[in-house]
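For reference, positions follow the sequence shown, starting with 1. This one's a predicted model, so the numbers in the text were calculated from it and none came from an experiment.
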Amino acid sequence: MRQRFAVTASVAALVLCSFATFSGGPARGAGGNSPAAPDNSCDYACLTGMVDRYLKAVAAHDPTLIPAADHVKFTENTITLRLGDALWGTMSGMGTYKLYFADPHDGEAAFEGTIRENDTPAILLLRLRVVDGKITEVETLVHRNADAAKALEKFGNPDPAWLKPLDAAQKTSRQDMLQAADTYFEGILHSSGDMVPFDPRCNRILDGYQDTNNPTAKGWFDKDSFRPDAMGIRENLNTGIWKYIHSIDPRRYVVVDEKMGIVLGMFMFNHPGKLKSVDVPGVGTVPMPPVTRRPSSVEMGEFFKIEGGKIRQIEGISISLPYGAGEGW
């Protein structure tokens with residue numbers, strides 16, 4: 001999907017309208033209407049420590065090892081389950097790729113990394129909500145594709161941008177961080193990378209695959225010399241190849257990591273499957289790949305590094321679902 005931030009008055013109005021919609025809507029967690037306010041006694045280290053504690057408990061197949069609230073809610077791939085089901089019975093260990101996120105303001109923590117499930121590589125995105133020292137919500141997306149997990153591990157460590165705390169000059173408000181991230185989705189829907197505040201160095205990795213600035217990639221939309229996965233992300237969005245995405249709704253922002261400058265959320269991409277081709281300026285008609293020509297929805301767990309109001313890096317994982325599926329929250 002996938003200059004300096006210059007926005008026309010009409011585009012600015014569109015962005016502000018979109019931001020007002022998600023910030024005032026039913027989003028939970030960061031900036032949303034949470035079921036209970038955290039006591040804020042669990043700081044950054046406490047929250048990331050809770051993630052480690054949770055992962056060790058899953059690998060041990062023992063939910064009693066975590067401080068779960070009496071009515072903890074647990075989902076895996078959008079389905080509400082009993083704590084102890086699904087991945088709790090099959091996770092056999094950790095992989096080598098690990099990223100942590102924490103939001104003490106809202107009592108939220110998250111993790112993206114590789115795991116082993118009955119010794120088969122997979123990618124896990126985990127979100128925890130902690131209230132009064134208890135885990136009240138557990139949301140997991142498990143991308144069960146061994147090749148994708150191996151590809152993510154081939155990057156070695158996460159991009160250094162994810163691991164570097166922001167300095168004072170790079171920090172912006174929580175609301176500005178959320179707005180920058182949401183503009184990305186508007187850019188996809190309007191085939192306009194120019195309306196998104198991308199840092200020129202921005203790259204995107206989804207499901208272990210870098211689909212920007214990747215000259216050796218063989219992408220879905222390749223046609224003759226047209227290689228959108230070799231383009232920068234702004235140019236990529238401008239091609240119009242993402243027009244098969246009819247809507248991105250709901251958009252639920254769950255973690256704003258102010259220390260690291262990271263926004264993480266869960267986003268439902270909806271694809272009716274009706275679009276057969278797009279006209280790309282300077283290229284001509286580009287046929288839609290078969291995977292886009294059937295109705296489907298895709299839950300994306302995606303996160304954004306925001307530096308000085310610009311999107312520096314994007315990463316995430318996806319779960320394919322039937323068209324119109326709910327997300328369980």
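R294 pairs by the side-chain contact (heavy atoms from CB on, under 4.5 Å) definition with V291, not counting sequence neighbours. For E139, the salt bridge (Lys or Arg N to Asp or Glu O under 4.0 Å) partners are R127, R252, not counting sequence neighbours.
Side chains of E307 and T172 form no contact here, defined as non-hydrogen atoms less than 4.5 Å apart. Between L206 and S318 there is no side-chain heavy-atom pair separated by less than 4.5 Å. At a threshold of 4.5 Å between non-hydrogen side-chain atoms, the residues M50 and L47 do not count as touching. Between L55 and L126, the closest side-chain pair of non-hydrogen atoms falls below 4.5 Å.
Pairs engaging residues 157-170 under the side-chain hydrogen bond (donor to acceptor under 3.5 Å, both in side chains) rule: W162-E315 [sequence neighbours left out].
Separation of the Y244 and F269 ring centroids does not fall under the 6.0 Å cut-off. For F303 and F101, the ring centers sit closer than 6.0 Å to each other. Aromatic ring centres of F304 and Y184: separated by under 6.0 Å. For F221 and W242, the ring centers are positioned less than 6.0 Å apart.
With no hydrogens or angles considered, no side-chain donor-acceptor pair links S92 and N118 at under 3.5 Å. Using modelled atom types and a 3.5 Å distance limit, the side chains of D52 and Y100 yield a donor-acceptor pair.
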Exercise for the section: Please lay out, stage by stage, how Y209 and N214 fare under the test side chain to side chain donor-acceptor pair (under 3.5 Å). Expected result: CA-CA 9 Å; Y209 174 70; N214 190 346; 4.8 Å; no

Residues T78, E299; criterion side chain to side chain donor-acceptor pair (under 3.5 Å); working and verdict: CA-CA 8 Å; T78 76; E299 178 79 332; over 6 Å; no

- Task: Let me see the working for D62 and T64 under side chain to side chain donor-acceptor pair (under 3.5 Å), right down to the final yes or no.
- Result: CA-CA 5 Å; D62 187 356; T64 67; 2.5 Å; yes

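When the shell of 6.0 Å around NZ of K56 is examined, it contains 12 or fewer heavy atoms from other residues, nucleotides or ligands.
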